[in-house]
Amino acid sequence: MRMTLDERVRSAVAALLYATGESQTELACALGVSQAQVSRRQSGTAAWSLADCDAVAAHYGIDPLDLLAGPTRATETLPAQRRRVPGRVVRPATAPDGGAR
């Protein structure tokens with residue numbers, strides 16, 4: 001059975017989160033949205049817009065078309081420096097005022 005485009009994007013985002021060790025909260029912060037908004041998009045109750053896909057792809061350093069192609073292509077094109085390294089602790093980005101984003 002073929003995946004819909006919505007399913008491919010959700011699967012690709014999930015695979016990228018896993019491959020990088022990022023949380024939905026960290027992705028949300030990078031996109032300037034709430035974790036709840038990312039969760040709704042990932043659960044399918046809201047859709048990832050094309051602008052969202054552009055922002056997600058830019059965040060991970062991949063081409064938007066690779067994101068739309070699905071999880072395999074998205075993770076294959078993920079730059080090596082973005083991949084999770086065993087034993088490396090991923091820390092959330094901090095805001096300019098020193099607080100967590």
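What you see is a predicted model; the values in this text were computed from it and never measured. These values consider heavy atoms only, across backbone and side chains, with no hydrogens, waters or symmetry-generated copies.
When all heavy atoms of Ser23 and Leu17 are compared, the pair lying nearest together is O-CD2, 3.6 Å. Nearest heavy-atom pair across Asp52 and Ala47 is OD2-O, 4.0 Å. Here the closest non-hydrogen pair linking Gly61 and Pro79 is O-CG, 3.6 Å. Heavy-atom minimum distance, Glu22 versus Tyr60: OE1-OH, 2.7 Å. Taking each heavy atom of Asp66 and Arg73 in turn, the nearest pair found is OD1-NE, 2.9 Å. Smallest separation of non-hydrogen atoms from Met3 and Ser11: CE-OG, 3.0 Å.
The CG atom of Asp54 sits 9.0 Å away from the CG atom of Asp63 when rounded to the nearest 0.5 Å. Here OG1 of Thr45 is found 11.0 Å from CD of Gln37. Values are rounded to the nearest 0.5 Å. Note that the NE2 atom of His59 and the OG1 atom of Thr20 stand 6.5 Å from one another [nearest 0.5 Å].
Legend: residues meeting salt bridge (charged side-chain N to carboxylate O under 4.0 Å, His left out) with Arg10, ordered by chain and number and at least two apart, are absent.
Atom CG of Leu5 is surrounded by more than 12 heavy atoms from other residues, nucleotides or ligands within 6.0 Å.
Put simply, the side chain of Val38 reaches to within 4.5 Å of the side chain of Trp48, judged on heavy atoms. Between Leu67 and Leu16 there is a side-chain heavy-atom pair separated by less than 4.5 Å.
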Val9 and Val56: side chain to side chain contact (heavy atoms under 4.5 Å, CB included), yes or no, with the steps? CA-CA 10 Å; Val9 171; Val56 168; over 6 Å; no

Kindly determine whether Leu68 and Arg8 satisfy side chain to side chain contact (heavy atoms under 4.5 Å, CB included), including the steps that lead there. CA-CA 6 Å; Leu68 296 176; Arg8 270 190 275 167; 6.0 Å; no

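Under a 4.5 Å side-chain heavy-atom criterion applied to ILVMFWY residues, the cluster that includes Tyr18 comprises that residue alone.
Within the 3.5 Å criterion, the main-chain N or O of Ile62 finds no donor-acceptor partner in the side chain of Arg82. Looking only at distances, no side-chain donor or acceptor of Thr25 sits under 3.5 Å from a matching main-chain atom of Gln35.
Hydrophobic clustering keeps Leu50 apart from Val13 (ILVMFWY residues linked when any side-chain heavy atoms are closer than 4.5 Å, directly or through intermediates).
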